[in-house]
Amino acid sequence: MKKYLTLGLALMCTQILWAQKVMTEGIVQYSVSVLKGGDNPSVASAFNGATQTLFLKSNKAKLDFKSPLRSQSTVYDAQTGNGFIIKQSGSEKYLLELVGANWKKYHKRYDGIVFTKEETLKQIAGYTCKKATGKMADGSEVVAYYCTDLTMMAHGYDPLFGSLPGLVLEYEITNPNGVTVSYQAQSVQMTMVNAAQFEMPKSGVKVLTFEQ
């Protein structure tokens with residue numbers, strides 16, 4: 001009897017592993033749109049024409065946000081827990097390195113968020129996603145759609161979604177002022193990514209300290 005139980009458990013585990021795709025390397029392209037508050041000139045200039053791209057390679061992740069007004073790249077190494085952020089506005093480029101505890105302190109606004117998982121399903125970029133809703137300490141509301149069939153080695157690259165069991169392919173954030181911005185995956189590519197994408201620049205940037 002024990003033999004059959006062990007065999008059954010082994011088969012179940014194998015089926016789960018087959019169902020899940022560990023995205024060790026690839027690119028996810030997101031569209032960005034303002035659903036509410038787009039009539040505000042500052043909001044429009046910040047997000048109109050914007051795109052977001054997630055690069056994954058082993059334990060490392062890079063999230064690129066680009067708009068006509070500004071750009072920001074966030075790089076995270078899940079193995080070390082360290083990361084850095086590059087911000088550019090106009091010709092000025094700034095680098096902020098976040099080592100160890102500073103990574104968590106920088107993302108403190110996401111502390112304590114609890115997601116309520118729902119049964120609602122949605123097809124996004126060819127994947128079935130589940131819905132979850134949450135609220136941040138500052139009152140911002142979050143609606144996320146995550147795919148349990150897609151996991152990654154670089155888990156934790158976005159502390160906002162650290163508690164969700166899968167790759168987030170769509171999310172909306174509504175801030176306390178009622179502005180809602182949506183990010184939706186348009187494509188998920190299992191492809192090679194150049195390791196140089198995750199290297200911290202050594203020149204051409206103004207280095208900031210975390211206190212700044």
Problem set entry | Contacts of N48 that satisfy side chain to side chain contact (heavy atoms under 4.5 Å, CB included) - sequence neighbours left out | A44
Can you tell me how far apart [atom1] ([X]) and [atom2] ([Y]) are? Round to the nearest 0.5 Å.
X	Y	atom1	atom2	value
I113	E141	CD1	CD	10.5 Å
K130	L169	NZ	CG	13.5 Å
T51	F65	OG1	CZ	7.5 Å
N82	L98	CG	CG	9.0 Å
L54	M23	CG	CE	7.0 Å
Y146	S163	OH	OG	9.5 Å

Considering all heavy atoms of both residues, which atom of [X] and which atom of [Y] are nearest to each other, and what is their separation?
X	Y	result
P176	S140	CD-OG, 3.3 Å
E97	F84	CA-CB, 4.0 Å
A185	I124	O-CG2, 3.7 Å
H155	A78	O-CB, 3.8 Å
G37	V179	CA-CG2, 4.3 Å
P159	W103	CG-NE1, 3.8 Å

Side-chain heavy atoms of [X] within contact of [Y], under 4.5 Å:
X	Y	value
L167	M152	yes
M136	D111	no
Y76	T74	no
E170	Y183	no
M153	V22	yes
P165	K117	yes
F115	V142	yes
V99	F210	no

For this session: Measure from NZ or CZ of K206 to the centre of the six-membered ring of Y94 and say whether it is under 6.0 Å with the direction within 45° of the ring axis.
Result: no
Exercise. Is there a path of hydrophobic side-chain contacts, each under 4.5 Å between heavy atoms of I, L, V, M, F, W or Y residues, that connects L208 with I85?
Worked result: yes
Problem set entry | Within one Ile-Leu-Val-Met-Phe-Trp-Tyr cluster: V205 and V75, side-chain cutoff 4.5 Å | yes
Exercise. Judged by atom type as modelled, is there a donor-acceptor pair below 3.5 Å linking the side chain of Q123 to the main-chain atoms of A125?
Worked result: no
Exercise. Looking only at atom types and distance, does a side-chain atom of D77 sit under 3.5 Å from a main-chain N or O of Q79, one as donor and one as acceptor?
Worked result: yes
Exercise. Hey, what's the ring geometry for Y30 with Y171, parallel, tilted or perpendicular (30° and 60° as the breaks)?
Worked result: perpendicular
For this session: Could you check whether the rings of Y110 and H107 sit parallel, tilted or perpendicular, using 30° and 60° as the cut-offs?
Result: parallel
Problem set entry | side chain to side chain contact (heavy atoms under 4.5 Å, CB included) assessment of M200 paired with L95 | CA-CA 9 Å; M200 187 164 60; L95 167 67; 3.9 Å; yes
Which pairs of donor and acceptor atoms, one on a side chain in residues 186-194, lie under 3.5 Å apart (sequence neighbours left out)?
unit_1 : atom_1 : unit_2 : atom_2 : d
Q186   : NE2    : S31    : OG     : 3.0
Q186   : NE2    : Q184   : O      : 3.2
Q186   : NE2    : Q184   : OE1    : 3.3
N194   : OD1    : A196   : N      : 2.9

For this session: Evaluate side chain to side chain contact (heavy atoms under 4.5 Å, CB included) for T24 paired with L56, printing each intermediate quantity in order.
Result: CA-CA 7 Å; T24 56; L56 296 169; over 6 Å; no
For this session: Count the heavy atoms of every other residue, nucleotide or ligand shown that sit under 6.0 Å from NZ of K104, and state whether that count exceeds 12.
Result: no
Problem set entry | Pair D149 + K21, salt bridge at N-O below 4.0 Å | no
For this session: Show the numbers, then the answer: is there a side chain to side chain contact (heavy atoms under 4.5 Å, CB included) between L35 and V181?
Result: CA-CA 6 Å; L35 301 183; V181 180; over 6 Å; no
Exercise. Have D64 and T53 got a donor and an acceptor in their side chains that come within less than 3.5 Å?
Worked result: no
Exercise. When you look at K131 and V143, which way does the side chain to side chain contact (heavy atoms under 4.5 Å, CB included) test go after all the steps?
Worked result: CA-CA 7 Å; K131 183 180 180 180; V143 177; 3.8 Å; yes
